[in-house]
**Student:** 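Starting off with a structure, shown below.
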Amino acid sequence: MQDKWTDGEAYEMFVGRWSRRVGEQFLSWLNPPKHASWLDLGCGTGALTAQILKHCNPRSVIGVEPSEGFLLLARDQVGDKRAAFRQGDGENIPVADGEVDIAVSGLVLNFIPDQQNAVNELARSVSEGGTVAAYVWDYAGHAQFIRYFWDAAIELDSSAREKHEGVRFPSCRPEPLRTLFVAAGLHDVVTEAIDIPTPFTNFDDYWLPFLSGIGPAPGYCASLDETARNSIKDNLKITLPTDEDGMILLAARAWAVRGTR
Ligand SMILES: C[S@@+](CC[C@H](N)C(=O)[O-])C[C@H]1O[C@@H](n2cnc3c(N)ncnc32)[C@H](O)[C@@H]1O
């Protein structure tokens, strides 16, 4: 199944709104110098780029992203002359050797077929002494809004197990991330858990983004017939921890990793 990254507005409702929150904490953990030049690989709709501009006083940010649809929204939403966007791929990043001081990537590495090549490319992009850092969802652990969906899907269809992102993306754990960074020649490599609240105002706020087809879980959901989709929906209505006022209070963990060139 090919993951679909086309409709930026739909992505914002599904993950962009949470990536902004993780991004803010991630940047605070990085504690970067001001006036640095940045690369944001797989910038999508600009969630992390926007946080860099807001919190880090950068000299410049280059957002690199393969999806035209996402780039359109990123350009439209970010609107800051320090930011520039280039269409490109993580395995052949369209920047010169050592072009930036800091290269980051939010929720992207696991989607790149050759992840080692991508981390090598990030390392190539930064100057000597520069920083490479990334975060990915803790799919197999505490990315609760995604896990609840897959747990419900597997209960009804055991073949969904191989599509579960916790199974598909074994690198989204601290040790594999560390190994990728060390193998790229980076030093002082450390990992960190970043936990954010992901409150959903009601069931629709949780469920409707799964109908968009954007990203792995919505892609799987869109591939089902209506009866199967409704079975997952009914299961989730029972399993999701829902307050009397309809609020669904979940949390999500991302694993962050950083290293120095
Ligand atoms: C979950 S989204 C993350 C977007 C954004 N960084 C954020 O934090 O909201 C995954 C992104 O990875 C991008 N992507 C997928 N394959 C890629 C590749 N080979 N190289 C670079 N980016 C890729 C997708 O187009 C999508 O924008």
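FYI, side chains are in, hydrogens and waters are out, and symmetry mates aren't considered; it's all heavy atoms of this structure. Note that ligands are numbered from 1 as they come in the structure, with each ligand's atoms numbered from 1 the same way. Worth saying up front: this structure is predicted, and the values here are computed from it rather than measured.
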**Student:** Tell me every residue that passes ring-ring contact (aromatic ring centres under 6.0 Å, His included) with Phe85, counting only those two or more places apart in sequence or in another chain.
**Tutor:** none
**Student:** Do any nitrogen or oxygen atoms of ligand 1 lie under 3.5 Å from a protein nitrogen or oxygen, and which ones?
**Tutor:**
residue	atom	partner	partner atom	Å
ligand 1	6 (N)	Gly42	O	2.7
ligand 1	6 (N)	Gly106	O	2.8
ligand 1	8 (O)	Ser19	OG	2.5
ligand 1	8 (O)	Gly106	O	3.3
ligand 1	9 (O)	Tyr11	OH	2.6
ligand 1	9 (O)	Ser19	OG	3.4
ligand 1	19 (N)	Asp89	OD2	3.1
ligand 1	20 (N)	Gly90	N	2.8
ligand 1	25 (O)	Glu65	OE2	2.6
ligand 1	27 (O)	Glu65	OE1	2.8
ligand 1	27 (O)	Glu65	OE2	3.2

**Student:** Taking the six-membered ring for Trp, are Phe200 and Trp18 ring centroids under 6.0 Å apart?
**Tutor:** yes
**Student:** For Leu249, what residues pass the side-chain contact (heavy atoms from CB on, under 4.5 Å) criterion, not counting sequence neighbours?
**Tutor:** Pro199, Asp243, Met247
**Student:** Determine, using ring centers only, whether Tyr139 and Trp150 are less than 6.0 Å apart.
**Tutor:** no
**Student:** On the 0 to 90° scale, with breaks at 30° and 60°, tag the Phe210-Tyr206 ring pair as parallel, tilted or perpendicular.
**Tutor:** tilted
**Student:** With sequence neighbours left out, which residue pairs that include part of residues 20-40 fulfil the salt bridge (Lys or Arg N to Asp or Glu O under 4.0 Å) condition?
**Tutor:** Glu12-Arg20
